[in-house]
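In what follows, a single structure is set out as structure tokens and then discussed.
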Amino acid sequence: MLAAVVIVLAGCEAVQKNGDAPAAKKDAVAPEAEPLEKGEVRIIVENFVFAPAEVTVAPGTKVTWINKDEAPHTATSVDQKFNSGGLDTGDKYSFIFKDTGDYEYICTLHPQMKAIVKVR
Ligand SMILES: [Cu+2]
């Protein structure tokens, strides 16, 4: 039951996950080389940290996480506002922050990985 609720919540505002075709993983082009959408903010997951660990964005900003580690990671809101699910190497996940507030999140696979998105 809980799992179903989480899926529904995540589905609400998750913009894209694994948007690249499977073949893209073999591509030499690094994910961050892709053009940013206007107003988009990127957070790189690498060396078991979210970088930057704190970002402040305006309401309506699309934030995209990209996993550059060999290990899988997630970006999971501690308040269950968003959840990337498992991101393998090169995978990305986007969420549009509509409301102001502080959004703490962790990697559920490595709970010591903590970061925050502030929407102002
Ligand atoms: Cu992790």
Side-chain angles (χ1 to χ4, degrees):
M1 183 57 191
L2 180 60
V5 171
V6 170
I7 289 167
V8 169
L9 287 174
C12 263
E13 305 209 30
V15 176
Q16 68 176 88
K17 179 186 171 187
N18 302 337
D20 297 331
K25 286 190 176 182
K26 297 168 188 165
D27 200 320
V29 177
E32 67 272 26
E34 296 170 19
L36 276 170
E37 290 179 27
K38 188 177 183 188
E40 182 181 3
V41 170
R42 292 242 171 109
I43 296 173
I44 303 299
V45 191
E46 190 168 28
N47 298 322
F48 291 81
V49 294
F50 297 103
E54 177 178 329
V55 294
T56 301
V57 302
T61 299
K62 176 181 178 178
V63 176
T64 298
W65 287 264
I66 300 174
N67 181 15
K68 294 185 68 179
D69 266 342
E70 295 296 319
H73 296 294
T74 76
T76 304
S77 162
V78 299
D79 298 318
Q80 301 179 3
K81 299 285 177 54
F82 59 89
N83 185 6
S84 68
L87 299 175
D88 289 325
T89 306
D91 282 351
K92 56 188 179 179
Y93 167 77
S94 296
F95 182 83
I96 295 173
F97 290 85
K98 292 179 180 166
D99 300 319
T100 58
D102 290 345
Y103 297 81
E104 293 180 79
Y105 64 94
I106 63 168
C107 170
T108 58
L109 303 173
H110 315 99
Q112 77 277 14
M113 294 173 62
K114 296 176 183 175
I116 188 168
V117 175
K118 295 182 176 181
V119 183
R120 298 289 187 264

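Numbers here simply count residues along the sequence, with the first being 1.
In the hydrophobic clustering (ILVMFWY side chains linked at under 4.5 Å, chained through shared members), I106 is joined by V78.
Considering only heavy atoms from C-beta on, I66 comes within 4.5 Å of R42 through its side chain. A 4.5 Å side-chain heavy-atom check between V41 and V117 finds every atom pair outside the cut-off. In this structure, V63 and F95 have side chains that are not in contact, with every pair of non-hydrogen atoms separated by 4.5 Å or more.
Taking the six-membered ring wherever Trp is involved, the centroid distance between the rings of H73 and F50 does not fall below 6.0 Å.
Note on residues 52-61: pairs passing side chain to side chain donor-acceptor pair (under 3.5 Å), not counting sequence neighbours, are E54-K118. Sorted by first and then second residue, the pairs that involve residues 100-115 and meet salt bridge (Lys or Arg N to Asp or Glu O under 4.0 Å), not counting sequence neighbours, are D102-R120.
For S77, the side chain to side chain donor-acceptor pair (under 3.5 Å) test picks out no residue, with sequence neighbours left out. Partners of T108 by side chain to side chain donor-acceptor pair (under 3.5 Å), not counting sequence neighbours, listed by chain and number: T74. E46 is linked by a side chain to side chain donor-acceptor pair (under 3.5 Å) to nothing, counting only residues two or more places apart in sequence or in another chain.
The NE2 atom of H110 sits 4.5 Å away from the CZ atom of F48 when rounded to the nearest 0.5 Å. To the nearest 0.5 Å, atom CD1 of residue I43 and atom NZ of residue K92 are 14.5 Å apart. F97 CZ to K81 NZ: the interatomic distance, rounded to the nearest 0.5 Å, is 9.5 Å.
Of the possible donor and acceptor atoms, none in the side chain of N47 sits under 3.5 Å from a partner among the backbone N and O of V49. Although no hydrogens or angles enter the test, the distance criterion places a donor-acceptor pair under 3.5 Å between the side chain of S84 and the main chain of A75. Put simply, the side chain of N67 gets close to the backbone of D69: a donor and an acceptor are under 3.5 Å apart.
Across V119 and A58, no two heavy atoms sit closer than the pair CG1-C, 3.9 Å. Counting all heavy atoms, side chain and backbone alike, T64 lies closest to S94 at OG1-OG, 2.6 Å. Nearest heavy atom pair, residue A53 against residue A115, reads O-CB, 3.1 Å.
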Verdict with reasoning, L87 to Y93, per side chain to side chain contact (heavy atoms under 4.5 Å, CB included): CA-CA 8 Å; L87 299 175; Y93 167 77; 4.0 Å; yes

Stepwise ring pair (Phe, Tyr, Trp, His ring centres under 6.0 Å) test for Y103 and Y105: CA-CA 6 Å; Y103 297 81; Y105 64 94; 9.6 Å; no

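At most 12 non-hydrogen atoms from other residues, nucleotides or ligands lie less than 6.0 angstrom from CD of E70.
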